[in-house]
Each structure stands twice: as structure tokens, then as C-alpha cells.
Amino acid sequence: DLNIKTDLGIKDKIVSIHSCFGKYRDSEFNVAGTADLTSAQNPLADLAVKATVKLSDIAGFAPEKFKEKIKGGMLRNEGKY
């Protein structure tokens, strides 16, 4: 089960995310920041994300090229995804 608890505000198409805490199995994340939606063609976001992710929790969602690395516990930051 995915559990999410959020605290946010919206004013003039600016979303202020004070906290968006989530938990999925043994993984947790927290997101905070702002999203500017005044331009539908060019929305802007300034977000900070803190996460502790157990690789086995995300293996089913990962792109094929990462699944073997996840199974072996060897996933590392390899650049932009």
C-alpha cells in the first residue's frame, strides 16, 4: 500500500508544498517546494526530495535496463534518467 500525507497551499496557480510524506512498503520519501502553474505550456517546479528507497520495493516499476542491477543490489547514479 502507498500512504501519502500532504500539507500544501494553492494561491494564484502557485502550489506551495510544505510537506508531502509518503511510504511504500519499506521505502519513504518527503517532498517540499513550490510549483508555478501560471503557464500551462511552461510549468516550473522547485522541489527538494529526501528519500530512503529499498530497491526491492521499486523493482516492479523500474525500466527493463535497470531490473537486473536492482536484483543484484548494484544500482548507482549513472547520470540522467
Side-chain angles (χ1 to χ4, degrees):
D1 289 335
L2 174 64
N3 295 300
I4 298 176
K5 181 179 180 181
T6 59
D7 176 15
L8 57 89
I10 302 171
K11 182 177 181 181
D12 299 325
K13 296 187 179 183
I14 306 289
V15 180
S16 297
I17 304 167
H18 306 289
S19 175
C20 178
F21 177 80
K23 182 169 175 54
Y24 177 72
R25 296 186 180 178
D26 292 323
S27 299
E28 296 180 348
F29 65 88
N30 193 14
V31 179
T34 59
D36 182 342
L37 307 176
T38 55
S39 171
Q41 290 77 29
N42 190 28
L44 302 172
D46 182 11
L47 303 174
V49 179
K50 294 181 182 179
T52 302
V53 178
K54 188 172 181 180
L55 293 179
S56 61
D57 288 350
I58 64 166
F61 304 107
E64 287 297 321
K65 67 181 183 178
F66 296 119
K67 285 187 179 182
E68 285 302 313
K69 292 180 182 183
I70 289 173
K71 286 180 186 175
M74 298 300 290
L75 185 64
R76 292 193 174 103
N77 183 357
E78 297 179 4
K80 294 183 178 180
Y81 300 115

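When reading the values below, keep in mind they use all heavy atoms of this one structure, side chains included, and skip hydrogens, waters and symmetry mates.
Of the candidates Asn42, Val15, Ile10, Val15 is the only one forming a side chain to side chain contact (heavy atoms under 4.5 Å, CB included) with Leu37. Of the residues listed (Val53, Asp1, Leu2), the one engaging Tyr24 in a side chain to side chain contact (heavy atoms under 4.5 Å, CB included) is Leu2, and it is the only one.
For the residue pair Asp26 and Lys54, the shortest heavy atom distance occurs at OD2-NZ, 3.5 Å. The minimum heavy-atom distance linking Lys23 with Phe29 is given by the pair N-CE2, 4.3 Å. When every heavy atom of Asp57 is checked against every heavy atom of Ser27, the shortest pair comes out as OD2-OG, 2.7 Å. Closest heavy-atom contact between Ser56 and Arg25: O-NH1, 4.3 Å.
With rounding to the nearest 0.5 angstrom, the CG atom of Asp7 is 10.0 Å from the OG atom of Ser16. With rounding to the nearest 0.5 angstrom, the OG atom of Ser19 is 4.0 Å from the CG atom of Asn30. The CG atom of Asp36 sits 3.5 Å away from the CD1 atom of Ile14 when rounded to the nearest 0.5 Å.
Within the 4.5 Å cutoff, no side-chain heavy atoms of Cys20 are placed close to those of Leu8. Counting only heavy atoms from C-beta outward, the side chains of Ile17 and Leu47 approach each other to under 4.5 Å.
Of the N and O atoms on the side chains of Asp12 and Thr38, not one donor lies less than 3.5 Å from an acceptor on the other residue.
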